[in-house]
Q: 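Have a look at this one before I ask anything.
Order of the sequence lines fixes the chain letters, A, B, ..., with proteins taken first and strands second; residue numbering starts at 1 for each chain.
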Amino acid sequence: MHNVQLARAFAQLADLLELAGENPFKVRAYRRAADLLASLNEPAASLLRDGRLIQMPGIGRQIAAKVDELLATGRLRALEAAAARFPAGLLEIMELPGVGPKRARSLFEHLGVSNPRELDEAARAHRVRAVPGFGAKSEADIVRNLAVLEKRTGVVLLSLARRLAADYAAHLAACPGVERVMIAGAVRRWEELVGELNLVAASRDPAGTLAAARLHPLVAEITGQGGDFFRATTPWGLTLKVTVAADGASFWWIILRETGPRDHVRRLEDLAVSLGLEPRPPGFSRAGGPLPVNGEEDLYRALGLPYLPPEVREDGSEVDRALAGWIPRLLDRGQIRGDLHVHSAYSDGRNSMGELAAAARRLGYAYLAVTDHSASLKVARGLSTEVLAAKNRAIDEYNAANPGLRLLRGAEVDIRPDGSLDYPDEVLAGLDVVIASVHSRFNLPRAQMTERVVKAVQNRYVHILGHPTGRLLNQREPYALDLERVLAAARDHDTWLEINASPERLDLSAEHVRLAAGLGVKVVIGTDAHEMNNLEYMEYGVAVVRRAGVDPATVVNTWEGGELWRALGKKR
DNA sequence: GCCGTTTTCGGCCCGACTGTTTTCAGTCG
């Protein structure tokens with residue numbers, strides 16, 4: 001059993017116990033364990049075996065024993081017992097905004113609704129407003145939010161999809177006859193949300209491979225199949241498609257097709273026909289026979305195109321741009337010189353600054369901005385000005401003693417509803433990097449929210465606008481905001497916009513990055529890491545920039561130290 | 001359920017917002 005599955009079991013256990021009214025701290029302990037398991041970068045099984053798992057923060061004897069039970073038996077009795085008390089559909093109802101464990105349970109007990117569909121019926125029949133604590137407003141909210149919930153079923157965050165795909169790829173690679181495996185589809189294109197895992201194998205024994213490939217916990221129910229593929233539902237809501245290439249030469253053709261998206265492939269096929277080529281496996285053929293194919297590059301070359309990496313494949317218009325001379329020069333992970341948005345244990349991060357710095361060194365970074373929350377964000381243990389001053393001194397001491405990597409004195413400062421910042425100017429002036437972010441009052445009217453954010457962008461002490469639209473993928477819509485006005489203000493005041501690389505945000509999006517770059521606004525990738533493993537989110541931010549197709553020089557953290565210090569200092 | 005130089009029990013993230021109420025419970029960040 002893989003870490004994501006372990007994490008899911010604990011998260012479900014936490015949800016169910018919450019529903020049962022269990023001690024909230026116990027619930028949180030399980031939730032923390034789920035988060036930890038999901039963030040491990042080695043198998044929990046090996047950590048458990050050599051005793052390191054139980055040493056991790058938040059893992060005690062009980063949780064370690066439950067991990068052991070899951071790994072040994074594939075089951076968790078505590079979870080089964082909790083699941084027997086409440087229908088699974090109640091957990092989906094709890095995902096509705098404004099509906100938590102208490103209200104979900106109340107709906108179940110008063111109306112007998114046990115899943116979103118039944119709740120929808122009850123709400124439309126105005127039976128919800130009769131339940132104590134509910135009224136006409138919440139009834140209407142439920143109907144509206146159920147529609148949103150419906151829309152997002154079957155789609156998961158890219159980060160989860162990548163883990164599931166990697167786990168499944170390992171299984172597929174071990175199936176009989178398999179010579180190589182590649183992940184295609186939306187995961188390969190780094191789409192923010194993924195509805196289908198798409199894997200391709202080259203095999204000497206296609207039938208044997210397809211038969212064995214089904215024997216995996218990810219395969220719930222087969223919903224379609226043909227001679228060289230099957231499609232299945234998974235326990236995670238998204239679908240799985242596995243295609244097998246019977247001969248090695250066709251592998252790249254199938255990879256291209258399965259990577260998609262459909263419109264891009266169609267445009268390539270149309271182009272081939274217009275060039276007198278016939279698009280068919282293993283690639284493109286002319287009268288004399290097929291053109292040689294030893295990789296995807298050859299397929300593009302046959303059409304007179306530069307290689308178009310998966311991230312830029314869209315609706316086909318990129319093919320025309322390439323025909324007109326565009327050659328994608330995309331940001332590369334190796335160009336990133338540092339991370340400008342990280343939380344330490346001073347606020348709500350898990351690791352000390354020393355641990356974060358060591359992790360940044362391992363990534364080869366030249367700088368790392370430690371940007372803990374400001375005072376008013378109590379939930380995240382925001383720093384008082386006194387603690388911030390002490391932290392700044394600790395950073396100076398670190399830098400004096402440790403050449404090579406420079407820690408930057410930073411803060412992620414709350415933008416108050418009136419657009420003012422949560423630290424006084426003299427405190428902001430003492431920082432190397434100031435990120436300004438909205439963390440409260442998300443529901444301001446559009447004009448007011450725009451005013452608020454523009455004011456922050458215009459503030460002479462602000463370098464970066466953090467997670468500019470505030471969206472949480474699959475969870476929360478962006479706040480009402482006139483982004484074009486914000487971008488114009490950013491351009492006028494030389495304020496940078498963040499690409500928050502946390503997989504649940506990816507904010508700015510690729511489209512917005514393109515818009516920003518077009519206006520001459522610089523962007524910064526920040527991982528918003530709350531623990532050192534999350535520094536790896538940088539690759540998600542890089543993918544956003546690649547999908548936007550903008551010049552790497554637009555991205556501030558490709559700059560070398562000296563250039564960055566100068567730019568940061570100019571703001572004072 | 002976890003944790004510990006305020007340590008083996010009793011804390012654990014806390015305040016604002018919302019819609020429902022007539023004074024507050026539940027949810028959320």
Q: When you compare B:dG26 with B:dT21, how far apart are their C1' atoms, in angstrom units rounded to a whole number?
A: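 Approximately 13 Å lies between the C1' atom of B:dG26 and that of B:dT21.
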Q: Can you check each nucleotide of nucleotides 21-29 of chain B against protein heavy atoms at under 4.0 Å and return B for base, S for sugar-phosphate only, - for none, in 5' to 3' order?
A: -----SSSB
Q: Taking atom P of B:dC12 as reference, at what distance in whole Å does atom CG of A:D348 sit?
A: 17 Å
Q: Just by distance, with hydrogens left out, do A:S376 and A:D422 show a side-chain donor and acceptor under 3.5 Å apart?
A: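 A donor-acceptor contact under 3.5 Å links the two side chains.
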Q: Pick the P atom in B:dT6 and in B:dG1, then give their distance to the nearest Å.
A: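 Between the two P atoms, the distance is 27 Å.
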Q: Looking only at heavy atoms, which two atoms of A:H343 and A:D348 are closest? And how far apart?
A: ND1-OD1, 3.6 Å
Q: I need the CG-P distance between A:L107 and B:dT20, as an integer number of Å.
A: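 After rounding, the gap between these two atoms is 13 Å.
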Q: Nearest to the A:Q62 side chain among B:dT18, B:dG19, B:dC2, which nucleotide is it?
A: B:dC2
Q: With nearest nucleotide decided by heavy atoms, which residue, A:P57 or A:D141, maps closer to the 5′ end of DNA chain B?
A: A:P57
Q: Taking A:S39 as the fixed residue, which of A:E536, A:H530, A:E531 is the one that meets the side chain to side chain donor-acceptor pair (under 3.5 Å) rule?
A: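 Only match with A:S39 under side chain to side chain donor-acceptor pair (under 3.5 Å): A:E531.
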Q: In residues 73-86 of chain A, which ones come under 4.0 Å of DNA chain B, going by heavy atoms?
A: none
Q: When you check the gap from the basic side-chain N to the acidic O, do A:R416 and A:D418 get nearer than 4.0 Å?
A: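 Judged by the 4.0 Å cut-off on N to carboxylate O distance, A:R416 and A:D418 do not form a salt bridge.
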Q: Provide, to the nearest angstrom, the distance between the CD atom belonging to A:E139 and the C1' atom belonging to B:dG19.
A: 13 Å
Q: Output yes when A:R117 and A:E150 qualify as a salt bridge under the 4.0 Å nitrogen-oxygen rule, no when they do not.
A: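 Here A:R117 does not pair with A:E150 in a salt bridge, since their nearest N and O are not under 4.0 Å apart.
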Q: In whole Å, I'd like the distance from the CZ atom of A:R32 to the C1' atom of B:dC12.
A: 10 Å
Q: So do A:E192 and A:R471 actually touch side chain to side chain, heavy atoms under 4.5 Å?
A: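 With C-beta onward as the side chain, the pair touches.
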Q: For A:L17 and B:dC2, give me the distance from atom CG to atom P, rounded to whole Å.
A: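 Taking CG of A:L17 and P of B:dC2, I get 13 Å after rounding.
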Q: Rounding to an integer number of Å, can you tell me how far A:I59 CD1 sits from B:dC3 P?
A: 8 Å
Q: Within the structure, does a side-chain N or O atom of A:R28 lie under 4.0 Å from either OP1 or OP2 of B:dG1?
A: no
Q: Please work out which of the three classes, parallel, tilted or perpendicular, describes the rings of A:H439 and A:H373, given edges at 30° and 60°.
A: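 Correct class here is perpendicular.
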Q: If I pick the P atom on B:dT20 and the same atom on B:dT27, what distance separates them, to the nearest angstrom?
A: 13 Å
Q: Going by heavy atoms in the side chains, are A:D432 and A:I395 under 4.5 Å from each other?
A: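 A side-chain contact under 4.5 Å is absent here.
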Q: Taking any strand in view, what nucleotide pairs with B:dT18 in a Watson-Crick or G-U wobble way, both distances under 3.5 Å?
A: B:dA25
Q: Could you check whether A:Y540 and A:R162, counting side-chain N and O atoms only, form a donor-acceptor pair closer than 3.5 Å?
A: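 Yes, A:Y540 and A:R162 have a side-chain donor paired with an acceptor closer than 3.5 Å.
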Q: More than 12 non-hydrogen atoms from neighbouring residues, nucleotides or ligands closer than 6.0 Å to CD on A:Q475, yes or no?
A: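 Enclosed.
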Q: Please determine if a side-chain N or O atom of A:N23 lies less than 4.0 Å away from the OP1 or OP2 oxygen of B:dC2.
A: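 For A:N23, the contact criterion (side-chain N or O under 4.0 Å from OP1 or OP2 of B:dC2) is not met.
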Q: Let's see if you get this right: which residues in residues 35-53 of chain A place a heavy atom under 4.0 Å from DNA chain B?
A: none
Q: I'd like to check A:E22 versus A:L16 (side-chain heavy atoms, cut-off strictly below 4.5 Å). Are they in contact?
A: no
Q: Please determine whether a side-chain nitrogen or oxygen atom of A:S138 lies at a distance below 4.0 Å from atom OP1 or OP2 of B:dT18.
A: no
Q: With P as the reference atom in both, quote the distance from B:dC28 to B:dT23 in angstrom, rounded to an integer.
A: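 Roughly 25 Å separates the two P atoms.
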Q: What's the gap between B:dT8 and B:dC3 when it is taken at their C1' atoms, as a whole Å value?
A: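 B:dT8 and B:dC3 have their C1' atoms separated by 10 Å.
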Q: Any donor-acceptor pair under 3.5 Å linking the side-chain atoms of A:T450 with those of A:D482?
A: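 Side chains of A:D482 and A:T450: no pair found under 3.5 Å.
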Q: Is there a donor in the side chain of A:N534 and an acceptor in the side chain of A:T527, or the other way round, less than 3.5 Å apart?
A: no
Q: Looking at every strand, decide which applies to A:K26 at a 4.0 Å heavy-atom threshold: base, sugar-phosphate, or nothing.
A: base
